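Input: a single structure, listed below in structure tokens.
We use all heavy atoms of the structure for the numbers below, so side chains are in, but hydrogens, waters and symmetry mates are not. Just so you know, these numbers come straight off a predicted model, no measurement behind them.
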Amino acid sequence: MVSRRQWNNNPRVPSLPEKGAGGRHGIYYHASFYDLQAGAVLTMLPNGPSFVATELSKVMEHGVSDYWMINASNIKPHTYYLDFIASVWRGEKGLLENPDKHLDRYVTEYYGNGYTAEIKSLYHEFWEASVQYGEHSDEHAGEQFPNCMSRVLASQYIADPAERSEYLLWCTPARSLKEQAEWFLQITEAAERRYLQLRRKAEGLLSQLPEEERSLFQESLLVQVEILHQSYRGAANTARSILFGENKEFLRGFFHAGKAWEAFDEGNRLMRESEHGKWIGFYENDCQADLKQSAWVMEGLMAYLRAKGDGPHFYQWQKQFMESERSRRVALILNKENHPDNHILYQAMKREYE
């Protein structure tokens, strides 16, 4: 319950009235938050239920009970928190002391009586997996963080690698672009591992669920885990790409930019594949985290690194990864084949490196 961060300015001015203050009081509370930096719109609020319960307890203690306006960004990904907040508003104040009681009820009502304990456990692991980017308990990152910050780093590297990005000062005081990329790699590769582990657990449970529950589980919790896993996989590879580029290892930088493109593109594909029935087109206007934009920014990074390392003639990497050892010994002063595009070259590199 503090003022929102805006870019690098984070004053955290308390927003609750004094206890016993006269007049009528209400809140404008975010069950979902879009801030161009670390918000969660496609996925649930990354702060756990105990945090939200603490916030709402303070609200009630300060007598702010006349009017609540809840910002949801969108309904479908945020049904859990909307139901929790609505239950408290309707008078179930005991849930503030025991939010787990509400989660039990919600999972049973939403997914049915089977596998309640397993699904509830996955919800808890979802919140535990989130990235804490700051010192305060509310400073956990949603899917915007790996997407937007990857685009920021890639853009800065292409524009001027000698300067750090000013857009990252809200989350790291790193003094150079290289230090920013190192910090970003450390935080994102750890998150990638956590979300991969959670994804595997969720996919294991998915195979055990009845058909109706399976579809609901896949389109609600699992797709959110997939979005975050692929976003952090893309982010970690973005950082690796830039660090290789900074070290003038442009070939390896190109390869990891390709891996970043692949991850963001896969996240977008998985989102769209989760659309069924009345939900067809639900993710079409993902223009905030914007995984598809992250993918095409990575295509630009691939092109830049290829120009730096294989230009201006663009044949050495092709010979290295797409020609036989015997053919590589011969250099003809002519072009006998069209140059492969960046994605074809990346796939050839994958066969070598993976």
Side-chain angles (χ1 to χ4, degrees), residues 32 34 36-46 73-74 76-78 122 125-126 129-131 133 140-155 184-185 187-203 206 215 217-242 255-276 279-302 342-343 346-347 350 354:
S32 166
Y34 169 49
L36 284 170
Q37 293 175 314
V41 174
L42 302 174
T43 63
M44 282 187 292
L45 190 70
S73 293
N74 218 322
K76 189 170 187 276
H78 308 291
L122 289 173
E125 290 185 52
F126 178 92
S130 64
V131 164
Y133 57 81
H140 288 87
E143 75 282 345
Q144 282 186 314
F145 178 74
N147 282 275
C148 295
M149 297 307 108
S150 292
R151 298 195 295 264
V152 163
L153 282 171
S155 298
F184 195 58
L185 176 59
I187 201 170
T188 56
E189 68 178 358
E192 178 193 357
R193 288 193 296 268
R194 293 195 299 273
Y195 283 113
L196 175 59
Q197 183 180 24
L198 179 56
R199 179 180 176 180
R200 286 172 173 167
K201 287 184 180 180
E203 288 174 338
L206 181 72
S215 178
F217 179 77
Q218 193 277 328
E219 294 177 19
S220 55
L221 184 59
L222 178 55
V223 72
Q224 295 189 39
V225 174
E226 290 172 335
I227 289 167
L228 286 160
H229 171 234
Q230 296 297 348
S231 294
Y232 278 105
R233 185 165 77 95
N237 278 292
T238 301
R240 293 184 188 108
S241 174
I242 290 168
F255 176 68
H256 283 284
K259 288 177 74 69
W261 162 79
E262 186 176 60
F264 290 126
D265 187 68
E266 176 70 359
N268 182 62
R269 184 188 67 81
L270 289 168
M271 269 197 305
R272 302 310 304 273
E273 283 190 354
S274 74
E275 301 172 341
H276 299 105
W279 301 111
I280 294 292
F282 183 78
Y283 293 106
E284 185 175 358
N285 197 40
D286 165 32
C287 55
Q288 296 167 338
D290 207 341
L291 275 71
K292 59 187 180 300
Q293 184 194 28
S294 299
W296 66 252
V297 169
M298 294 309 122
E299 288 180 310
L301 182 60
M302 292 170 74
N342 291 328
H343 295 298
Y346 165 67
Q347 294 298 330
K350 280 186 71 176
E354 297 184 351

Check your understanding: Taking the side chain from Q218 and the backbone from V223, do they hold a donor-acceptor pair closer than 3.5 Å?
Key -> no
Exercise for review: Decide yes or no for R151 and D290: does some side-chain heavy atom of the first lie under 4.5 Å from some side-chain heavy atom of the second?
Suggested key: yes
Point to revise | Distance-only donor-acceptor check, side chains S215 and E219, under 3.5 Å | key: yes
**Study point:** K350 bridged to E262 by N-O distance under 4.0 Å
**Key:** yes
Review point. Any donor-acceptor pair under 3.5 Å linking the side chain of Q288 with the backbone of V41?
Key: no
Point to revise | Under 3.5 Å donor-acceptor, Q230 side chain and E266 backbone | key: no
Review point. What about F145 and F184, are their ring centers closer than 6.0 Å?
Key: yes
Review point. Can you tell me if CD on E354 sees more than 12 non-hydrogen neighbours from other groups inside 6.0 Å?
Key: yes
Review point. So, do Q293 and W296 sit near enough that their side-chain heavy atoms are less than 4.5 Å apart?
Key: yes
Check your understanding: Taking all non-hydrogen atoms of both residues, which atom of I242 and which atom of A154 are closest, and how far apart?
Key -> CD1-N, 3.8 Å
Check your understanding: So do the side chains of N147 and S294 get within less than 4.5 Å of each other, counting heavy atoms only?
Key -> yes
Check your understanding: Does the side chain of K292 reach to within under 4.5 Å of the side chain of D265, using non-hydrogen atoms?
Key -> no
Review point. Any idea which heavy atoms bring F264 and A295 closest together, and the distance?
Key: CB-N, 3.8 Å
Review point. If you take all heavy atoms of A235 and S150, which pair is closest and at what distance?
Key: CA-OG, 3.2 Å
Practice item. Over 60° means perpendicular and under 30° means parallel, so classify the ring planes of W261 and H343, tilted if in between. Key: tilted
Check your understanding: Are E203 and R200 ion-paired here, with the side-chain N under 4.0 Å from a carboxylate O?
Key -> no
Point to revise | L291 versus N268, closest heavy-atom pair with distance | key: CD2-N, 3.7 Å
Check your understanding: Considering only heavy atoms from C-beta outward, does the side chain of I227 approach that of L270 to under 4.5 Å?
Key -> no
Review point. Any ion pair linking E189 and R233 (charged N to carboxylate O, less than 4.0 Å)?
Key: no
Check your understanding: Do K76's NZ or CZ and the ring of F282 fall within the cation-pi criteria of under 6.0 Å and 45°?
Key -> yes
Point to revise | Closest non-hydrogen atom pair between A40 and Q144, with its separation | key: N-OE1, 4.5 Å
Review point. Considering all heavy atoms of both residues, which atom of M302 and which atom of N342 are nearest to each other, and what is their separation?
Key: CE-O, 3.7 Å
Review point. Does any N or O in the side chain of E125 come within less than 3.5 Å of the main-chain N or O of L198, such that one atom is a donor and the other an acceptor?
Key: no
Point to revise | Beyond-backbone contact of P77 with Q224, side-chain heavy atoms, under 4.5 angstrom | key: yes
Check your understanding: Hey, does the side chain of S274 reach the backbone of M271 with a donor-acceptor pair shorter than 3.5 angstrom?
Key -> yes
